[in-house]
Amino acid sequence: MVWLAGGMLALCSVMIIALILLVVVRGMATFWPGAIASYHTVDGQIVTGEVTRSSTYEPRPELIDTLPPEAQERARQLLAANDGLAERVLVRTGNYELDNSHFAWVSNYTIERMEKPEWFVVMERLTWGRFYGVPTAFYVDGELVADTPADVWREFERHHGDIRKRWQQRRTLESKAIGRINHQQESARLELRGAEIAAQQARLNHGVRSEQYLQAQAVFERQQQRFNQVEAEFERRYADIREEIVALNQENERYQIRLMTVNGQEKSMGMAEVVRAYPANQLSLLGRIGVYLDRWQEFLLDDPREANSEGGVFPAIFGTVVMTLIMVVFVVPFGVLAALYLREYAKAGPLVSVIRIAVNNLAGVPSIVYGVFGLGFFCYLVGGSIDQLFFSEKLPNPTFGTGGILWASLTLALLTLPVVIVATEEALAAVPGSMREGSYASGASKWQTIQRIVLPRAMPGIMTGMILAMARGAGEVAPLMLVGAVKLAPELPIDSIAPFVHLERSFMHLGFHIYDLGFQSQNSEAAIPMVFTTTLLLILIITLLNVGAIWLRNRLRRKFVVSAV
Amino acid sequence: MVTTDTTRVTNGSNGTAADPGYAERKNRGRLQEIAAGKWFPPVVDHQLEREEPVLTVKNFCLWYGKAQALFDVSMKVPKSKVTALIGPSGCGKSTLLRSVNRLNDLVDSVRISGEMNLYEDSIYAKGVDVIELRKRMGMVAQKPNPFPMSIYENVIYPLRIDGVRDRRILDEVCETSLRGAALWDEAKDRLHQSALGLSGGQQQRLCVARAIASEPEMLLMDEPCSALDPIATGKIEDLIDQLRGEYTILIVTHNMQQAARVSDYTAFMYLGQLVEYGATASLFKKPQLKETEDYISGRFG
Ligand SMILES: Nc1ncnc2c1ncn2[C@@H]1O[C@H](COP(=O)(O)OP(=O)(O)OP(=O)(O)O)[C@@H](O)[C@H]1O
Ligand SMILES: [Mg+2]
């Protein structure tokens, strides 16, 4: 029996460790800049790019027949030597706009020779994915300033930093400054619409000739005038910003780089397009580490691009953390109060038992059911009512009446409520009766006893419940898809525009991001490593949140439970 | 001086005065008959009637569900004296003590009949403010039960829940209580550290400090030394000795020597009944009932 139990434990550990190891190893490897290889195949093609993975397969004989006759014999020999199996490698070839694919398989029996071209440069771009090519020319204002790869590369490195800085500046203008104007414009418009609605309402309720209507109409007209003024002001500011942007763009467009692909095709591109570029086969180890870290930094701090398969996941990290914290803020007080009532106030009886069983069973309800409930109850019913009451000027566009981070947090709070209730009840039950009696004997009321003795003493246990709830909530995806997690959220739920916290906004979530990357991405080969990296990140974040909570709990525990007796 | 209902005792046994083993059998018969469910009025020393009572218990009965734990207990606890409750395990000493400050209210199954009065005020009358009542008594439990907070906060807990905020008053009460509990010298440098870091004996003295912090009219102690070593026990006993005269103390103890050392009066209980109650000196030297003598001399059961 001991052996069986021990064996099971070992099995579990091995599976968990293997899973984590897989995620860590593959997740960490994603950003490592590999070398560039050029495969010359027997049918005269050249496939150039980064080798991403290899596999063994059994090629069908017809495949061999398509090879040039002199290569067939060699291929057959090779296969025969390996029991009919062949090795193949997946090469990331990029240059999607030229040859319509990101990747190509190369089988070992078709390879004539392989070389590592010295001057191949990897370009990560804002659109179209990566580009692999040899730099051939560099133009400033249309004039050729360099035409050997080394010179072109020197020029590129000299200008690229400034150009990216200007591009960043432009993006900040677009998102922050214009965003602010849009926002102000929108609120001015909403104010006007509110006045209009008020005037309409007055007419309906009191008649066209009524005092109320005339007043409301006057207000509306004054608003209309003010709005027109404000609108003109906005237009002016908007035009200023556009001008600035155009200036930045023009400055950037002065520089052009020209590259040649392995097939001899030439391609010019604007330098602002290029996020990062490096001559892969010339990088020293330090250089590689630099690229690696730079990619991590982009991943952690930047917005996604290319339908989420490239760029960063910062909005998703932010959304995950904020949602989890909001969830904790809701679920802990709620669960603790419920448990307090169950354990401290309710008279033990069949009703309490039934409630307790019901709470425990809630933990077994599939999470998607919570999603459906959250959508129906929070988004449509509660959110819809809030919109009717407070945001009527925006209707029919929903404000709270659709998925959002608040509703997602509440849905998850509901989902994790049983965990908190059960843990809190246990913690309350574990508070020694002698302590309670001591408090009562000192003349404390029930609430004073609970508040001053029972709750502090039960706090570590309650924190355990919170930790479990967090672990469960942060990793949940299915219900989120219904109540507010989106593929790409235009704005973060917390930003610098008053009132700073926008709980009605939809948000990005790492779990959903993983799902989206893994199953919805067009460039799925490129997305797979990102799935691992994002998974690694999600695990790390959940661990971090938990470690934080555990640290807090241990501090509390030291304070409350250490006993010399 | 003796107020024994001898007729009922005699009726309960079938021996005669001529029988040489009569006295012994008669006495053994009394405990046996208590065990069989018979009730005897307690033997109470007249000296007690000269004392001013703080607590008066009258015909007090208590049931845990269907099981009766106290049978018609009547006794007076004299003011500014130490009164010890002794008796074999399970005889209802703790139950009686906990009834005084109505801690038994916390047990759902408890029912009571009879009366208790603290001075003139009924403890069990309808509409009594239990919380106010408990504030008039301090209690020290069998096992030290410090709260999970600092030493300082532990001592002033009764004031805190009364909403006292004045730092000066709190500091002063903390010091006097700790001095009163003979803990000041050991604790004064660590007032703001967790009380759970104290030793068991220190914790128990802390509980005493807490119990006297609100200057109660009465102190209830339930075997305060049972979890302590002889040295800590000695300290608590010294403490009780110091508190004598200032506080009315009702103390439960299993330790005969302790009862003899610290108390002015002793009540012997058996199976929920008060059997004999009198001045400690005479009760230990010359008990009026044979069974009391047996019990205190350890010949019992
Ligand atoms: N909460 C309770 N529920 C039911 N019965 C109880 C409860 N507390 C005590 N009793 C019973 O009441 C009787 C008296 O118990 P009590 O604790 O008062 O004895 P005691 O004299 O203090 O014993 P000890 O010296 O061992 O502490 C015992 O028979 C006990 O089983
Ligand atoms: Mg007891």
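Note on naming: letters A, B, ... go to the chains in the order of the sequence lines (proteins, then strands), and numbering restarts at 1 for each one. Because the structure is a prediction, the values reported are computed rather than measured.
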Heavy-atom contacts under 4.5 Å, [range] to chain A:
{"range": "residues 92-111 of chain B", "value": "B:R98, B:N101, B:L103, B:L106"}
{"range": "residues 158-167 of chain B", "value": "B:P158, B:R160, B:I161"}
{"range": "residues 115-131 of chain B", "value": "B:I131"}

Enclosure of [X] [atom1] (heavy-atom neighbours >12, cutoff 6.0 Å):
{"X": "B:I231", "atom1": "CD1", "answer": "no"}
{"X": "B:E172", "atom1": "CD", "answer": "no"}
{"X": "A:K446", "atom1": "NZ", "answer": "yes"}
{"X": "B:K135", "atom1": "NZ", "answer": "yes"}
{"X": "B:E215", "atom1": "CD", "answer": "no"}
{"X": "A:Y341", "atom1": "OH", "answer": "no"}
{"X": "A:F334", "atom1": "CZ", "answer": "no"}

Exercise. Going from CG on B:N154 to OG on A:S442, what distance comes out if it is rounded to the nearest 0.5 angstrom?
Worked result: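 Answer rounded to 0.5 Å: 9.0 Å.
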
Problem set entry | Portion of A:R452 that has a non-hydrogen atom of chain B nearer than 4.5 angstrom | both

For this session: Taking side chain to side chain contact (heavy atoms under 4.5 Å, CB included) as the test, write out the residues that go with A:T543, two or more places apart.
Result: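 With neighbours one apart ignored, the set is A:I539, A:V547.
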
Problem set entry | Heavy-atom proximity to chain A below 4.5 Å, by part of B:P146 |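 For B:P146, the backbone is the part near chain A, not the side chain.
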
Problem set entry | Heavy-atom closest contact (B:F147 atom, A:S439 atom, distance) |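 In terms of heavy atoms, the two residues are closest at CZ-N, 3.4 Å.
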
Problem set entry | Exercise: identify the closest heavy-atom pair between B:P148 and A:R457 | CG-CB, 3.9 Å

Problem set entry | Side-chain donor/acceptor of B:N145 to backbone N/O of A:M435, under 3.5 Å | no

Exercise. Do the side chains of A:Y440 and B:M139 get nearer than 4.5 Å, heavy atoms only?
Worked result: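 A side-chain contact is absent here, since even the closest heavy-atom pair is not under 4.5 Å.
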
